Visitor: 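Take this structure first; my questions come after.
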Amino acid sequence: MQYSVAQKKAASGAVVPVFWYLLNLLAIPVIGFVVLLWMYSQRSRVNDVRRAHTRAAVLMSVTGFILISSGIAIGWTVFGDMGHFWTFAGVWAVALHTGFVLWGIISLAQAMSGKMPYFPAKWL
């Protein structure tokens, strides 16, 4: 008994950069980012959907690092080494990190269905 229709088109491979983006956030940060940069350097050899997901993953990784670290640096400047800073830094980092992980999960769903990521089209 056949449960589903066979795939009519080849897989785009867009899941791979999103997978490494999530690994970068959740398990192996430095290694995941290095692999993402390597994939970004090889982007001319892949199809459009994978290229878009690779570029979006790299840009989101860099954006996440900048937003989290600059927010913590601003908090340090405003609060100094006080209890308020540690509370602010913890909430800031966890909230932003959670947002970036959720974007990665949505992007993974988009990649699995062969669609472009939710990202500004002019940056892809």
Side-chain angles (χ1 to χ4, degrees):
M1 175 179 211
Q2 186 176 7
Y3 289 102
S4 63
V5 179
Q7 271 187 309
K8 296 195 181 356
K9 61 179 183 175
S12 66
V15 173
V16 177
V18 178
F19 173 75
W20 279 102
Y21 169 79
L22 288 170
L23 278 178
N24 179 31
L25 286 173
L26 299 172
I28 44 176
V30 175
I31 297 169
F33 187 68
V34 168
V35 171
L36 273 176
L37 288 177
W38 176 78
M39 283 186 203
Y40 185 74
S41 70
Q42 305 294 318
R43 70 187 182 276
S44 63
R45 301 180 192 151
V46 296
N47 61 28
D48 291 338
V49 177
R50 183 169 176 169
R51 185 179 308 121
H53 278 281
T54 303
R55 183 163 170 84
V58 169
L59 290 175
M60 287 298 281
S61 295
V62 172
T63 302
F65 175 76
I66 291 171
L67 284 177
I68 291 173
S69 60
S70 65
I72 291 174
I74 290 170
W76 181 268
T77 304
V78 171
F79 297 118
D81 189 17
M82 300 175 62
H84 297 299
F85 164 71
W86 294 108
T87 303
F88 170 79
V91 170
W92 180 264
V94 167
L96 283 176
H97 187 268
T98 302
F100 282 97
V101 169
L102 288 175
W103 180 86
I105 292 169
I106 292 169
S107 184
L108 182 62
Q110 292 291 105
M112 289 171 66
S113 64
K115 298 178 182 173
M116 297 294 241
Y118 288 121
F119 205 76
K122 66 179 179 180
W123 293 347
L124 295 176

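Computed from a prediction, not measured in an experiment: that's the story for all the values here.
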Visitor: Step by step, would you call Val78 with Phe88 a side chain to side chain contact (heavy atoms under 4.5 Å, CB included)?
Guide: CA-CA 10 Å; Val78 171; Phe88 170 79; over 6 Å; no
Visitor: Taking ring pair (Phe, Tyr, Trp, His ring centres under 6.0 Å) as the definition, give me every residue that meets it alongside Trp86, ordered by chain and number, with sequence neighbours left out.
Guide: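 Partners of Trp86 under the ring pair (Phe, Tyr, Trp, His ring centres under 6.0 Å) test: none.
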Visitor: If Ile, Leu, Val, Met, Phe, Trp and Tyr residues are connected whenever their side-chain heavy atoms lie under 4.5 Å apart, and connections chain through other members, are Phe119 and Val62 in the same group?
Guide: yes
Visitor: Output the rest of the hydrophobic cluster of Val49: all Ile, Leu, Val, Met, Phe, Trp and Tyr residues reachable through side-chain heavy-atom contacts under 4.5 Å, sorted by chain and number.
Guide: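 Met116, all in the cluster of Val49.
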Visitor: If you look only at pairs with a residue in residues 63-76, which of them pass as a side chain to side chain donor-acceptor pair (under 3.5 Å), with sequence neighbours excluded?
Guide: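 The answer is none; no pair qualifies.
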Visitor: On a heavy-atom basis, which atom in Ile72 and which in Ala89 lie closest, and how many Å separate them?
Guide: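 Reported closest heavy-atom pair: CG1-CB, 4.2 Å.
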Visitor: Quick one: side-chain hydrogen bond (donor to acceptor under 3.5 Å, both in side chains) partners of Thr54, sequence neighbours excluded?
Guide: none
Visitor: Indicate if Val18 and Val46 have the same hydrophobic cluster label, given that clusters are the connected sets of ILVMFWY residues with side-chain heavy-atom separations under 4.5 angstrom.
Guide: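 No, Val18 does not connect to Val46 through the hydrophobic network.
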Visitor: Same hydrophobic cluster for Val34 and Leu23, using side-chain heavy-atom links shorter than 4.5 Å among ILVMFWY?
Guide: no
Visitor: Which pairs with one or both residues in residues 15-37 pass ring pair (Phe, Tyr, Trp, His ring centres under 6.0 Å), sequence neighbours excluded?
Guide: Tyr21-Trp103
Visitor: Should Met112 and Val16 be regarded as members of a common hydrophobic cluster, given that ILVMFWY residues are connected when their side-chain heavy atoms come within less than 4.5 Å of each other, either directly or indirectly?
Guide: yes
Visitor: Counting N and O atoms only, with roles assigned by atom type, does the side chain of His97 sit under 3.5 Å from a partner on the main chain of Leu25, one being a donor and the other an acceptor?
Guide: yes
Visitor: May I have all residue pairs that pass salt bridge (Lys or Arg N to Asp or Glu O under 4.0 Å) and include part of residues 46-55, sequence neighbours excluded?
Guide: Asp48-Arg51
Visitor: Please name the pair of heavy atoms, one in Leu36 and one in Ala57, separated by the smallest distance, quoted to 0.1 Å.
Guide: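 It is CD2-CB, 3.8 Å.
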Visitor: Once rounded to the nearest 0.5 Å, what's the spacing between atom CE of Met39 and atom CZ of Arg45?
Guide: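 The distance works out to 13.5 Å.
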Visitor: Between OG of Ser44 and CD of Gln42, what distance do you get to the nearest 0.5 Å?
Guide: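 So the OG of Ser44 and the CD of Gln42 are separated by 7.0 Å.
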Visitor: With hydrophobic residues grouped by side-chain heavy-atom distances under 4.5 Å, do Ile66 and Leu59 end up in a single group?
Guide: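 In one cluster with Ile66: Leu59, yes.
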Visitor: Which atom pair, heavy atoms only, marks the closest approach of Lys115 to His53?
Guide: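 Taking every non-hydrogen atom into account, O-NE2, 2.8 Å.
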Visitor: Could you tell me the separation between the OG atom of Ser61 and the CG atom of Leu37, rounded to the nearest 0.5 Å?
Guide: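 These two atoms lie 8.0 Å from each other.
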